[in-house]
Structure formats: C-alpha cells, structure tokens
Visitor: 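This is the structure, below, for whatever I ask next.
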Protein chains: 2
Amino acid sequence: MKLILDRAKDQSKLCPVRDVINRISDKWSLLSILALGTHGTLRFNALKKEIGDVSQRMLTVTLRNLEEDGFVSRKIYAEVPPRVEYQLTEMGQGLMQQALQLADWANNQLPEIISSRKKFIKN
Amino acid sequence: MKLILDRAKDQSKLCPVRDVINRISDKWSLLSILALGTHGTLRFNALKKEIGDVSQRMLTVTLRNLEEDGFVSRKIYAEVPPRVEYQLTEMGQGLMQQALQLADWANNQLPEIISSRKKFIKN
DNA sequence: CCGAATCCTCGAAGATACTG
DNA sequence: CAGTATCTTCGAGGATTCGG
C-alpha cells in the first residue's frame with residue numbers, strides 16, 4: 001500500500017494503479033468496455049451506435065488506448081468495404097469485472113453519498 | 001450492469017459509478033485518501049507535506065469534494081492559530097478498500113500490460 | 001495555519017473535413 | 001466502413017496574492 005502511495009506520488013515512475021484508473025476514468029473507455037462485454041464482438045460503427053454520442057475520433061482514440069494496454073483486441077478483415085471487429089481480451093474482461101465490483105459498491109453507498117451532499121452547504 | 005451502461009450514457013442522470021470513479025481519478029483524491037488511511041488523522045499542512053507537491057488550492061478543492069460526498073470528515077478547532085483535522089469516514093475507508101482491491105488487481109496485470117504495450121506499434 | 005479569490009496554462013475532448 | 005488530419009473549445013489544475 002505504501003508502494004502505491006509512493007508510486008503515485010512520483011508521477012514519473014510507473015504506477016499500474018494510476019494507469020488502470022486513468023484507463024477507466026476517461027469519458028468513453030468504460031462505456032466501450034461495458035458495450036463489448038455485453039455484446040461480445042462489435043464492429044466499429046456498431047460500437048459507435050451502441051455508445052451513442054461518442055465522436056468517431058474519440059472512439060478511435062479510446063479503442064487504440066484499450067488495445068495498446070491489451071484490454072481490447074482488434075481484428076481487421078481484408079474486405080471491401082473494410083470490416084474491423086473489436087472484442088474484450090481476457091484481461092479486458094477482468095477489468096470489466098473490477099469496474100463492476102466498484103459499481104456495485106458505489107450503488108450500495110449511493111444513499112449515504114446523496115445524504116452527505118445534502119448536508120454539505122457550500123460557503 | 002445494463003443499469004450502469006444506461007446511466008453512464010445519459011450523463012444528465014445520476015451515475016454513482018461515474019461519480020465514484022471521478023472522485024478517485026482526479027489528480028489528488030486517491031493520494032489524499034491513502035495518506036489519511038495510513039495516518040488516521042492529519043492536519044491540513046501535515047497532509048499537504050505528506051502528499052508532497054500538491055498546491056494549497058488543489059488540496060483544499062480535493063478535500064472539499066471528498067467531504068461533500070462523505071468520504072472525509074473535517075474538524076475545526078477554535079484556536080489561534082487555527083487547527084483543522086481531517087480523517088476518513090467509515091465510507092471513506094470503504095472507498096480506500098475498493099481502491100486497494102483495484103490496485104492489487106492492477107499490480108497483478110502489470111506484466112501483461114507492459115508486454116502488450118511493447119507489442120503495440122504506433123502507426 | 002488554513003484557507004478564498006483571481007488569473008493563467010495546457011491537454012482532453014469535440015467539430016469538421018478528407019481518404020484508402 | 002473505418003478511419004486520419006486540423007482546428008477549436010473548455011475546464012482541471014497551477015501560481016500568486018490576500019484575509020481571518
């Protein structure tokens with residue numbers, strides 16, 4: 001645990017926790033992971049449609065990041081028009097499980113969080 | 001799980017998962033939580049020193065957010081000079097446990113993530 | 001000692017247009 | 001269909017100053 005604190009403090013060093021948190025905390029990664037986890041395999045535009053309001057550029061960026069870290073696999077079929085299929089890797093499914101655990105906890109705490117916010121008076 | 005996806009998609013609605021992720025994914029919240037979890041109780045400047053390179057403003061902002069959601073408690077002593085002590089609430093300790101679980105998983109995946117990054121060739 | 005107020009920087013995210 | 005290339009926007013985070 002001290003390890004985590006130290007790693008996170010010196011941001012020049014490698015910090016797997018921070019890496020993983022960064023990966024799921026950007027705007028579209030978690031949604032992409034959940035969509036792929038639900039559907040198994042999705043083509044680019046199907047995934048885009050599933051998420052809804054993501055721009056083409058941001059979905060591409062998001063998927064490249066997830067692919068680079070090994071959470072998502074990308075298969076290109078040499079066809080015309082091109083077909084590219086995305087799916088979660090085994091590690092990607094593990095990441096989704098972690099996120100779901102966190103989600104479960106968060107949902108359980110929701111009433112207390114709401115309550116705390118109401119009590120809190122700004123200024 | 002569908003719930004999570006739907007909640008996250010419509011960003012106008014309440015999404016506890018996103019809330020919690022946002023809370024731990026900003027630059028200083030997790031470090032603050034870990035520092036408080038380690039030391040139990042810390043005064044403002046002690047916490048600042050513990051974290052290291054956080055600005056006064058950002059530590060204040062971070063702590064207010066954590067306090068608002070009920071993860072951190074803040075006790076003000078009517079002294080001169082003023083003394084303010086921070087510590088994790090019970091829910092805050094729960095949040096730290098969640099983060100530590102995620103950290104544990106992340107550390108286990110580290111070799112595979114590193115490996116995947118090396119294989120990935122940009123352009 | 002513990003902040004609040006103000007101003008500024010910089011990178012994530014979006015809009016738009018183009019391409020193999 | 002599945003991207004890339006540019007340009008722009010917007011807000012988190014930082015520097016600095018002032019106050020109880």
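In what follows, every chain begins at residue 1, and chains take the letters A, B, ... in the order their sequences are listed. The basis for the numbers below is simple: all heavy atoms, side chains too, and nothing from hydrogens, waters or symmetry mates.
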Visitor: With a 4.0 Å limit, can you tell me whether A:Tyr86 has a side-chain N or O closer than that to the phosphate oxygens OP1/OP2 of D:dG3?
Guide: yes
Visitor: Tell me: CZ of A:Arg23 to C1' of C:dA12, nearest whole Å?
Guide: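 So the CZ-C1' distance, A:Arg23 to C:dA12, works out to 13 Å.
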Visitor: Kindly indicate whether the side chain of B:Phe44, heavy atoms from C-beta on, has any atom under 4.5 Å from the side chain of B:Arg74.
Guide: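 Result no, sub-4.5 Å side-chain heavy-atom pair not found.
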Visitor: Are side-chain heavy atoms of B:Leu47 and B:Ile51 found at a separation under 4.5 Å?
Guide: yes
Visitor: Rounded to whole angstroms, how far apart are CD on A:Glu85 and P on D:dG3?
Guide: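 Rounded to the whole Å, the gap is 12 Å.
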Visitor: Measure from the side chain of B:Lys27, starting at C-beta and using heavy atoms only, and say which of C:dC2, D:dG14, C:dG3 lies closest.
Guide: D:dG14
Visitor: Taking the side chain as C-beta and beyond, is there a heavy-atom pair between B:Asp69 and B:Met91 under 4.5 Å?
Guide: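 They are not in contact (no side-chain heavy atoms under 4.5 Å apart), so the answer is no.
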Visitor: Rounded off to whole Å, could you give me the CD-to-C1' distance for the A:Glu67 and D:dA2 pair?
Guide: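 About 13 Å, once rounded to whole Å.
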Visitor: Mind calculating the distance between CG (B:Leu31) and P (D:dG13) to the nearest angstrom?
Guide: 12 Å
Visitor: So, OP1 or OP2 of C:dC2: does either fall under 4.0 Å of a side-chain N or O from B:Lys48?
Guide: no
Visitor: OP1 or OP2 of D:dA2 sitting under 4.0 Å from any side-chain N/O of A:Arg83?
Guide: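 No, A:Arg83 has no side-chain N/O under 4.0 Å of OP1/OP2 on D:dA2.
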Visitor: Measure from CG on A:Asn22 to C1' on C:dA13 and round the result to the nearest Å.
Guide: 15 Å
Visitor: By nearest heavy atom, map A:Gln56 and B:Ile76 onto DNA chain C; which one lands nearer the 5' end?
Guide: B:Ile76
Visitor: Taking B:Asp104 for the side chain and B:Leu100 for the main chain, is one N or O donor matched with an acceptor at less than 3.5 Å?
Guide: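 Side chain of B:Asp104 to backbone of B:Leu100, a donor-acceptor pair under 3.5 Å: no, none is there.
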Visitor: Quick one: on DNA chain C, does A:Met58 or B:Asn45 contact a more 5' nucleotide (nearest heavy atom)?
Guide: B:Asn45
Visitor: Nearest whole Å is fine: how far is C:dA12 P from A:Leu30 CG?
Guide: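 Nearest whole value for this atom pair: 19 Å.
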Visitor: Output the rounded distance in Å from NZ (B:Lys75) to P (C:dG3).
Guide: 15 Å
Visitor: Respond yes when some side-chain nitrogen or oxygen of A:Arg57 is under 4.0 Å from OP1 or OP2 of C:dA12, and no when none is.
Guide: no
Visitor: Quick one: on DNA chain D, does A:Thr60 or A:Pro82 contact a more 5' nucleotide (nearest heavy atom)?
Guide: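 Final value for this comparison: A:Pro82.
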Visitor: How many Å lie between CD on A:Glu50 and C1' on D:dA2, as a whole number?
Guide: 18 Å
Visitor: State, to 0.1 Å, how close B:Val20 and A:Ala106 come at their nearest heavy-atom pair, and which atoms those are.
Guide: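 Minimum heavy-atom contact is CG2-CB, 3.6 Å.
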Visitor: What's the closest nucleotide to the side chain of A:Val84 if the choices are D:dA15, D:dG3, C:dG3?
Guide: D:dG3
